[in-house]
Amino acid sequence: MSTQSPLGTVVVLGYGNQGEAHARNLRDAGEQVRVAARPGLAAEARARAHGFEVAAPVQALQGADTLAVLLPDEVVPQAWPELAPHAGALKAVTFAHGFNLLYGSLEFARTTSVFLVSPTGPGRVVRELYEKGEGLPAYLAVHQDGAHDAWALATHYATSLGCARAQLLRTTVREETEIDLFGEQSVLCGGMNALVSAAFNTLVDAGYTPEVAYLECVHQLKYLAELLHARGVAGLRRGISGTALYGDLTRGPRVINERSREEMRAMLTEIRSGAFAHEWLAEVAAGKPTLMRLLSQGDADPIEAGRLRAVGGATPAAPPPGPGGAGAQSK
Ligand SMILES: NC(=O)c1ccc[n+]([C@@H]2O[C@H](COP(=O)([O-])OP(=O)(O)OC[C@H]3O[C@@H](n4cnc5c(N)ncnc54)[C@H](OP(=O)(O)O)[C@@H]3O)[C@@H](O)[C@H]2O)c1
């Protein structure tokens with residue numbers, strides 16, 4: 001084990017969105033890092049090009065002290081049984097999201113500390129901020145306190161990742177997982193995409209020009225999101241015109257109303273009961289037929305034609321989210 005760090009030799013399993021940022025930040029912070037990746041695939045080549053020692057997952061675990069599991073959540077339940085027999089001597093196992101700690105049936109040696117260090121943003125931003133001497137806030141949670149050192153190890157890992165430069169928030173695995181799933185379903189992905197599509201299609205169905213509708217309902221969102229990020233809801237309201245403000249306060253509640261809130265409560269119940277996780281893992285096991293059908297339907301929505309007319313660019317190749325197909329993803 002390295003004498004400099006309580007984490008010892010860290011194996012970063014998965015060199016994707018989070019894995020690349022974790023491996024590079026930890027190395028720059030002085031940690032001893034090696035990467036575990038499937039031989040012959042893109043992640044392995046990228047990690048080697050960045051100067052890492054890379055080995056296949058089981059081999060990489062030999063002599064390691066800490067394992068950072070940064071695979072797509074849906075592949076962990078299949079990958080873990082092969083790794084578990086080689087993970088018994090690990091001091092620590094860390095995850096960036098609690099999905100598999102809450103819903104999976106992963107088994108760990110009793111002496112291993114298992115914790116969560118979850119940066120509040122995409123890996124690209126974790127890396128960019130680190131290089132600027134800044135950091136993203138991160139959630140920390142302990143799943144299993146193997147040697148009564150889990151909080152200390154989680155804090156050390158998050159500090160090497162650069163997140164202590166911003167804020168480290170202690171939470172539980174359950175809270176991080178449930179809030180993360182609810183946020184992406186109701187606002188950041190599901191809610192936002194459904195909202196802009198419905199608004200765009202309302203205008204186009206009423207005979208308005210698609211590119212104008214696109215610029216208004218989708219393209220401008222970036223500037224308002226930046227204002228929201230910088231100033232919050234009350235601050236945003238003080239940065240828009242009086243007409244926009246009156247429309248916001250009187251019409252917004254007609255779009256998101258008691259019925260929408262009822263659906264939000266139902267979605268939260270599905271998350272808390274594990275029904276959503278069960279449904280998603282069954283979908284993965286079946287080869288993702290529903291996901292692929294809905295993705296194709298979405299690609300055929302008139303909003304895509306509106307986008308091409310308004311801002312140009314190529315039609316999305318639509319790689320399915322998941323292994324190797326989501327290099328730029330932020331959720
Ligand atoms: N994306 C985000 O912004 C974000 C934010 C916070 C937390 N998280 C969490 O971070 C974790 C990692 O997510 P991610 O988005 O970084 O993943 P990702 O980019 O989708 O993929 C990670 C890597 O895993 C490799 N991989 C896939 N299947 C594998 C297998 N069976 N064995 C070994 N390697 C495999 C892939 O490389 P190859 O196909 O080349 O092998 C890929 O590069 C998840 O728990 C996620 O919830 C993500």
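The model shown is predicted, which means the values in this text are computed figures rather than measured ones. Just so you know, residue 1 is the first one in the sequence shown, and it goes up from there. No hydrogens, no waters, no symmetry mates; every other heavy atom, side chains included, goes into these values. All ligand and atom numbering here is 1-based and tracks the order in the structure.
Scanning for salt bridge (Lys or Arg N to Asp or Glu O under 4.0 Å) contacts around Asp145 gives an empty result, with sequence neighbours left out.
Of the candidates Gly16, Ala21, Ala43, it is Ala43 that places a heavy atom closest to atom 40 (O) of ligand 1. Among Asn17, Asp180, Leu181, the residue whose heavy atom lies nearest to atom 14 (P) of ligand 1 is Asn17.
Using 4.0 Å as the threshold, Ala36 has no heavy atom nearer than that to any atom of ligand 1. Look at Pro57 and you'll find every heavy atom at least 4.0 Å from all atoms of ligand 1. A heavy-atom separation below 4.0 Å is found between Pro72 and ligand 1.
Numbered from 1 in the order shown, with element, the atoms of ligand 1 that lie under 4.0 Å from a heavy atom of Tyr15 read 23 (C), 43 (O). In summary, the atoms of ligand 1 found under 4.0 Å from a heavy atom of Pro122, numbered by their order in the structure, are 3 (O).
Expressed to the nearest 0.5 Å, how far CG of Leu268 lies from CD of Glu178 amounts to 7.0 Å. The CD atom of Glu74 lies 9.5 Å from the CG atom of Leu71; values are rounded to the nearest 0.5 Å.
Ring-centre distance between Tyr157 and His22: below the 6.0 Å cut-off. With ring centers used as reference points, Trp280 lies 6.0 Å or more from Tyr103.
Note: no N/O pair closer than 3.5 Å links Glu44 and ligand 1 by distance alone. Ligand 1 has no nitrogen or oxygen under 3.5 angstrom from a nitrogen or oxygen of Arg46.
Between the side chains of Asn257 and Ser260, at least one donor N or O lies within less than 3.5 Å of an accepting N or O.
Screening residues 223-233 for salt bridge (Lys or Arg N to Asp or Glu O under 4.0 Å) gives Lys222-Glu226 as the qualifying pairs, with residues at least two apart or on separate chains.
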